[in-house]
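Everything on this sheet refers to the single structure shown next.
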Amino acid sequence: MASPLAPTPPHEVGSPGGTPQTPGAQGLNDPQAEAVAHVGGPLLVFAGAGSGKTRVITYRVANLVACARVPPYRILAVTFTNKAAGEMRARLSRLCGEEVGKDLWVGTFHATCAKLLRRFGESVGLERNFVIYDTDDQKQVVVRALREMDLDEKRYPPRMVLSRIHREKQECRGAGDMNVDSYVDEAIVKLFTRYEEQLKAANAVDFEDLIGKVVRVLEENAGGAGDALRRKFEYVLVDEFQDTNHAQYRFLTALTRDHRNLCVVGDDDQSIYRWRGADVRNIRGFKKDFPEATVVKLEQNYRSSGRIVSAALGVIGPSKERVPKDLWTANAPGRKVEIVATKDERDEAAHVIRVIREARDEGVDPKEIAVFYRIHAQSRVLEEALRSVNIPYQIIGGTKFYERAEIKDAIAYLRVLVNPRSDVDLRRIINSPARGIGDTTLDRLAAFATSRGISMHEALGRVDEAEEIAGAARKRLAGVRELLAGLRAEASTASPADMLDRVLDRTGYRTALGAENSPEAEARLENLEELVGSLGDYEVEANAAGDTPSLEGYLERVTLQADVDQMKDASRVTLMTVHGAKGLEFEVVLLTGMEEEMFPYRGMEPGGDQEMEEERRLAYVAITRARNRLVMTHTDTRQLFGNTRWGRPSRFLSDLPEDAVEQLATRARGNGVERYIDRAPLRSEFEAPPPRSPGAFRHPQSAPPRAPESGRQHAPGERFVDTEFFSDAHHDGDEVAAPLRRGSRVLHERFGEGEVRRVENAAEPAVVAFFPGWGEKKILARFLKTP
DNA sequence: TGCCACGCCCTTTTT
DNA sequence: GGGCGTGGCA
């Protein structure tokens, strides 16, 4: 499978003399082999983009198992996504056998810690059936705390409050450790305290707790739980180490304290989660805490063409503070990186479609084509365009399936069954479908619960004592109690999928939707069936992995699922944010929205240097995802959130080496207005156009009208090419598509028979073909025959 | 209590 | 552009 995660095998291989014979590890270059063979003590691997990192980690684990005879269940490998974890497990199963793949601990920080907490969490006061609150649940808790404390939600936006709380927790700090500098801080401390109380009462944790509580298990060592956990793993490996936060780092150091067999792999140039608490100093300063660490640098890129690598280097070059690395490649230069000026986001989308069609005509599988953007809001226009011309696509992230109301309701039911103390969930389902339990009743029930110091579910059980609730309402509440009790009795025997099915029936949820008789309700019903199906899939997978399927297991998986985990291996074009693309690779990458303010993105608050550095790294990540073809588009104007933005080309475009790029414009864009990318340093202020000077960037409004014949004025050393492109009717590539596809055989007078590697649509159709004995040759299509 | 309509808000990136 | 909350009405 040409998985996006699978690095292309190195084609120039030094024979690693004296390397232990890890199964299938032949063909590694020297630094790779060194990283694989290293056994005891800390190891830091700087893995440049496309340097075969995944391969190294996998072989290293295989090496530990096969050569060092480490039992697989004593090895922990931490990956960045569940998808990456699954792929690593699959590779190891192939390399070392099924049992090894099964026994290994492979997962994300969050999934791994959740699993550990089910086992060791009791030492820090967590019951085994705890539930994980997602961002939405967390927000509900904050909102309720705000209302309880009679604080203004405008003054203390829940989002802001939550982000403060999370920032503290990522640093392993509690409400008591906060610096209080203002009355706002004071309120936050109180909210924080209340938030923690609520979670504890509900036997729930948030994402930060998953890590933080395991750190507590390790550091507090109550009842020896920390020691027991420490003895569990002999070797720990971590991928994407540049994006770990402080709590995760604490977890790793505490876990490996006794043996220090910690192998971390990452690339500080690809650190893009600072906003989420990631601290690039973890990798840059690793040697401080682990002075004895062996450091290996993987600097050869096997993934991308020479021009793409040099474009990437151009973008990351101006970055400050990076660990010095020399990324290089032995790959052929390949085609130029295309910088395409477009008129607006529709024109941009039209060009995206054109490139997708070209690639498809060249024989590229659609799943090898990706369209990136900086923010989700950019996806809508692209989606509409793709749909209008029937190009199948999948979109990663954005509005998620699991955010739909009916899905959240169904999940809330399951969570209440697993953990009745979860008030957030009980509130959600108590009147869904409508049972005549309104806000008034709910408030009274909540007050009753608070006055007795019990959960709302317990209050439900004792509702007959609640005199403040009217008789009729009490009866309805008792009905819910009976309903839940009945369902819980069944939950012990029914399978998860079966259980959801019963929930939807017994609660009358299906009937209520069916009665609506609307297309919307119809769609909701379908979504619910899909959810039942996904529980079924989970059962199959859990059984295959040797686990017993359970509601807990399913819920945990759902909550900890990343967007990319949903990515299917189908033959579709992929749309995603650049963040989502981390760790993936594609044959063809379209990077859209390369304008100042879009990328680098400027949000509400003006970002500082650190933010700009991160945007730069983000651009670096985006570029290095591409293997063969990279197209970067920018627009003159863009509608965003209802307003029109005037953009000038991103500063990152000016950082690309001239000989690696080719500048193009769509016909719609090229008409009348001209613009050149300024290679002089750009001003950071977006609003002010730079002073006009010959050859420099011209703002669209200030460009003087010019007769078409007068020729285009070129910035020094640049080419400006108009691509003939517009309507669907004219969609070149069709003419050459049939006989000349990638992989088809061709005959040339001088070079003999060869195989087409690539089709190019220049002024005249041409192909790059491989001829045995001659190598790759670019030849005009008219000089070729079919053999 | 439930439904509908209006208006307001915001609008990065995600485990 | 859209999601959410609020407020008014049946």
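The chains referred to below are lettered A, B, ... by the order of the sequence lines, with proteins before strands, and numbering in each begins at 1.
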Open item on the list: According to ring-ring contact (aromatic ring centres under 6.0 Å, His included), who are the partners of A:F448, at least two apart in sequence or on a separate chain?
Closed with: none
Open item on the list: A:F599: which residues meet the ring-ring contact (aromatic ring centres under 6.0 Å, His included) condition with it, sequence neighbours left out?
Closed with: A:F652
Open item on the list: Is it the case that atom CZ in A:R173 sees more than 12 heavy atoms from other parts of the structure closer than 6.0 Å?
Closed with: yes
Task: Partner set under salt bridge (charged side-chain N to carboxylate O under 4.0 Å, His left out) for A:R216, not counting sequence neighbours - done: A:E220
TODO: Just compare B:dT12, B:dT14, B:dT15 and give me whichever is closest to any side-chain atom of A:W275.
DONE: B:dT14
- [ ] In whole angstrom, give the distance that lies between atom CG of A:L445 and atom P of B:dT1.
- [x] 13 Å
Task: Ring centroids of A:Y273 and B:dT14 base under 5.5 Å with planes under 30° - done: no
Open item on the list: If the cut-off is 4.0 Å, is A:H376 near the phosphate of B:dT14, judged by side-chain N/O to OP1 or OP2?
Closed with: yes
Task: Sugar-phosphate only, base, or nothing, as touched by A:R159 at under 4.0 Å among non-hydrogen atoms - done: sugar-phosphate
Could you list the protein-to-nucleotides 2-5 of chain B atom pairs, N/O on both sides, closer than 3.5 Å?
from	atom 1	to	atom 2	distance (Å)
B:dG2	OP1	A:N431	ND2	3.3
B:dG2	OP1	A:G436	N	3.3

- [ ] Give a yes/no answer on whether the side chain of A:T135 brings an N or O atom under 4.0 Å of OP1 or OP2 in B:dT14.
- [x] no
Open item on the list: Once you apply a heavy-atom cut-off of 4.0 Å, does A:R380 come out as touching a base, just sugar-phosphate, or nothing?
Closed with: sugar-phosphate
Task: Pairing residues for A:Y538 by the ring-ring contact (aromatic ring centres under 6.0 Å, His included) criterion, not counting sequence neighbours - done: A:Y554
Task: salt bridge (charged side-chain N to carboxylate O under 4.0 Å, His left out) partners of A:R374, counting only residues at least two apart - done: A:E615
Open item on the list: According to ring-ring contact (aromatic ring centres under 6.0 Å, His included), who are the partners of A:F120, at least two apart in sequence or on a separate chain?
Closed with: none
Task: Whole-angstrom distance between B:dT12 and C:dG5, as gauged at atom C1' - done: 24 Å
- [ ] Check side-chain contact (heavy atoms from CB on, under 4.5 Å) between A:L525 and all other residues, then give those that pass, not counting sequence neighbours.
- [x] A:R510, A:L513
Could you write out each protein N or O paired with an N or O of nucleotides 6-10 of chain C at a distance under 3.5 Å?
none

